[in-house]
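Heavy-atom basis, side chains included; hydrogens, waters and symmetry copies ignored. Every value quoted in this text rests on a predicted model; they were computed, and no experiment measured them. Counting convention: from 1, in listed order, for ligands and their atoms alike. The chain is numbered in sequence order, starting from 1.
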Amino acid sequence: MTTILGIETSCDETSVAVVDDGRRVRCNLTATQFDLHAKYGGVVPEIASRAHLEQLDLLIEEALAQATIAPEQIDAIAVTQMPGLIGSLLIGVSAAKTLAWAWDRPLVGVNHIHAHATSAAIDLTGDPWPAVALVVSGGHTSLYHVRDYDAIELLGATIDDAAGEAFDKVVSILGLGFPGGPIVDRRAAGGRADAIRLPRTMLDEGSLDFSFSGLKTAVLYHVHGPGKVSGGLEKLSEQDVSDLCASFSAAVVDVLVEKTLRAVARTGVQTVVVGGGVAANSMLRRRLGERCAAEGLALHLTPMKYCTDNAAMIAAHGYYQFVRGKRDDLGLSARASVGV
Ligand code: KG4
Ligand code: ZN
């Protein structure tokens, strides 16, 4: 058995997990910073890194206690190295390096987006690869061709806003609170998806990239009036707001589903996996389920508890890297972006 301690601090969730063999989650503890950022309508990087600093030591202690494990029984420490808010990443990476040194354990830096793809495999008995992985979160919208845990090829990504970011912006246009995804999801359930015509940006015919900024602007003008950036909200009834949430969700979901199916056609795989915060979206889960069933494709949706940021997926992905020989030294540095 190989036991990994996972640490995640890339954005606004401080999370620590202990996972055996990439699958048996002994504990997965997450301290959300929701209340700290809510009044600002978005994540404030400085506040996020301070909160990680306050929470992380306690969470590590608690995780070891809950998993009833001593440091010498941990085989490696996996930590989110990239991408994310640099100040937040630095807290996790520094903590992981300190533990690796103090406990004399190997260190493995993990790509957070790749870990979102692996999160779909945590509860499976076998590996889902080869597959197309759709990773949809607040910071990323990416399609990958995954041949194995360490053979992940990027097929396409957003050229502007991420899908989750678009959800968050729509909720702020509508003044409904933060974070956007779950609120729009709930309101969409009571709305009509065909009530308002909104654009589906497909880009060039063969493109697997995404663009959601035009859709966001269309929602903005629908609410405030063409060319305007304020006013008009008071004219919308509760039903109008629900209809807009449903129509917006459908526009995002249509593009995500269509591009995922394009990626399947391009790669010739028979399996789709979906991860990231937006993978919790009920309309996306339903429509992908319908399309994959119609096309005879296997679909593995990340379990709801592992959709938003969590350390179980970091420990799981770190495990597969570790058993394939990946090791980082204490020179490991956090990176805000993945780069090339
Ligand atoms: O994966 P995640 O926790 O953080 C990043 O790595 O970015 O994703 C957070 C994003 C937020 O934008 C949030 O609004 C979105 O996931 N989200 C959802 C839902 N739940 C969370 N979006 C749509 N529908 C949901 N049910
Ligand atoms: Zn994430």
Side-chain angles (χ1 to χ4, degrees), residues 6-15 17 28 30-34 37-38 41-43 45 48 52 79-85 88-89 92 110-120 133-142 144 157-158 161-174 176-189 191 193 210 212 215-216 219 245-246 248-257 274-288 301-314 316-317 336-338:
I7 298 176
E8 154 65 31
T9 65
S10 69
C11 188
D12 60 341
E13 317 278 7
T14 319
S15 188
N28 180 37
T30 302
T32 174
Q33 302 176 5
F34 174 80
H37 302 288
V43 177
H52 287 308
V79 63
T80 304
Q81 181 200 3
M82 63 183 160
L85 300 171
S88 292
L89 287 165
V110 167
N111 178 320
H112 178 94
I113 324 181
H114 292 179
H116 269 305
T118 293
S119 66
L134 171 69
V135 177
V136 259
S137 72
H140 307 278
T141 304
S142 308
Y144 294 100
T158 181
D161 295 347
E165 207 179 343
F167 273 93
D168 295 336
K169 282 183 184 162
V170 163
V171 128
S172 107
I173 293 168
L174 292 170
L176 294 177
F178 171 82
I183 298 173
V184 175
D185 200 348
R186 271 197 304 279
R187 294 299 298 257
F210 299 90
F212 292 108
L215 173 60
K216 179 191 67 188
V219 171
C245 287
F248 164 78
S249 302
V252 174
V253 167
D254 279 353
V255 175
L256 294 176
V257 172
V274 189
V278 183
N281 185 268
S282 51
M283 194 186 287
L284 178 63
R285 294 176 88 86
R286 194 175 61 246
R287 292 208 184 169
L288 262 174
L301 296 161
T302 293
M304 294 293 273
K305 62 187 174 206
Y306 303 131
C307 281
T308 47
D309 291 346
N310 66 88
M313 69 180 193
I314 303 302
H317 195 69
S337 62
V338 177

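Here Asn281 has heavy atoms under 4.0 Å from ligand 1 in both its backbone and its side chain. Of the heavy atoms in His112, only side-chain atoms (C-beta onward) come closer than 4.0 Å to ligand 1.
For ligand 1, the atoms lying closer than 4.0 Å to a non-hydrogen atom of Asp185 are 24 (N), 25 (C), 26 (N). For ligand 1, the atoms closer than 4.0 angstrom to any heavy atom of Thr308 are 3 (O). Near His116, meaning under 4.0 Å from one of its heavy atoms, ligand 1 places the atoms 1 (O), 6 (O). Less than 4.0 angstrom separates some heavy atom of Gly164 from each of these atoms of ligand 1: 12 (O).
Taking only nitrogen or oxygen atoms, main chain and side chain alike, Gly139 reaches within less than 3.5 Å of ligand 1. At a 3.5 angstrom cut-off on N or O pairs, Gly276 does not count as close to ligand 1.
Ligand 1 has no atom lying under 4.0 Å from any heavy atom of Cys11.
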After noting the C-alpha distance and the side-chain angles of His114 and Tyr144, does the key distance pass the ring pair (Phe, Tyr, Trp, His ring centres under 6.0 Å) rule? CA-CA 9 Å; His114 292 179; Tyr144 294 100; 5.3 Å; yes
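Contact record, Val43 with Cys11: CG2-SG, 4.2 Å, taken as the closest heavy-atom pair. Listed here is the closest heavy atom pair of Val274 and Ala120: O-CB, 4.1 Å.
At the top of the distance list for atom 3 (O) of ligand 1, counting protein heavy atoms only, stands Asp309 N, 3.0 Å. Of the protein's non-hydrogen atoms, the one nearest atom 10 (C) of ligand 1 is Gly138 N, 3.3 Å. The protein non-hydrogen atom at the shortest distance from atom 18 (C) of ligand 1 is Gly181 CA, 3.3 Å. Among all non-hydrogen protein atoms, the one lying nearest atom 11 (C) of ligand 1 is Asp168 OD2, 3.7 Å.
Side-chain atoms of Glu13 never come within 3.5 Å of backbone atoms of Thr30 as a donor-acceptor pair (strictly under, hydrogens ignored). A distance-only check finds no donor-acceptor pair linking the side chain of Thr141 to the backbone of Ala162 [under 3.5 Å]. Within the 3.5 Å criterion, the main-chain N or O of Ala17 finds no donor-acceptor partner in the side chain of Asn28.
Using a 4.5 Å cut-off on side-chain heavy atoms (C-beta onward), Leu176 and Val184 make no contact. Residues Val110 and Val79 have side chains not in contact (no heavy-atom distance under 4.5 Å, counting atoms from C-beta outward).
Annotation: side chain to side chain donor-acceptor pair (under 3.5 Å) contacts of Thr14 (sequence neighbours excluded): His52. In this view, Asp185 satisfies the salt bridge (Lys or Arg N to Asp or Glu O under 4.0 Å) rule with no residue, not counting sequence neighbours. For Phe210, there are no ring-ring contact (aromatic ring centres under 6.0 Å, His included) partners two or more places apart in sequence or in a different chain.
A donor-acceptor contact closer than 3.5 angstrom is absent between the side chains of Ser10 and Ser88. Asp309 and His112 share a side-chain donor-acceptor pair at under 3.5 Å.
Looking at Gly277, Gly180, Ser282, it is Gly277 that brings a heavy atom closest to atom 21 (C) of ligand 1. The option with the heavy atom closest to atom 5 (C) of ligand 1, from among Gly275, Ser137, Ser249, is Ser137.
The distance cut-off of 2.8 Å around the Zn ion (ligand 2) captures these protein N, O or S atoms, sorted by chain and number: His112 NE2, His116 NE2, Asp309 OD1.
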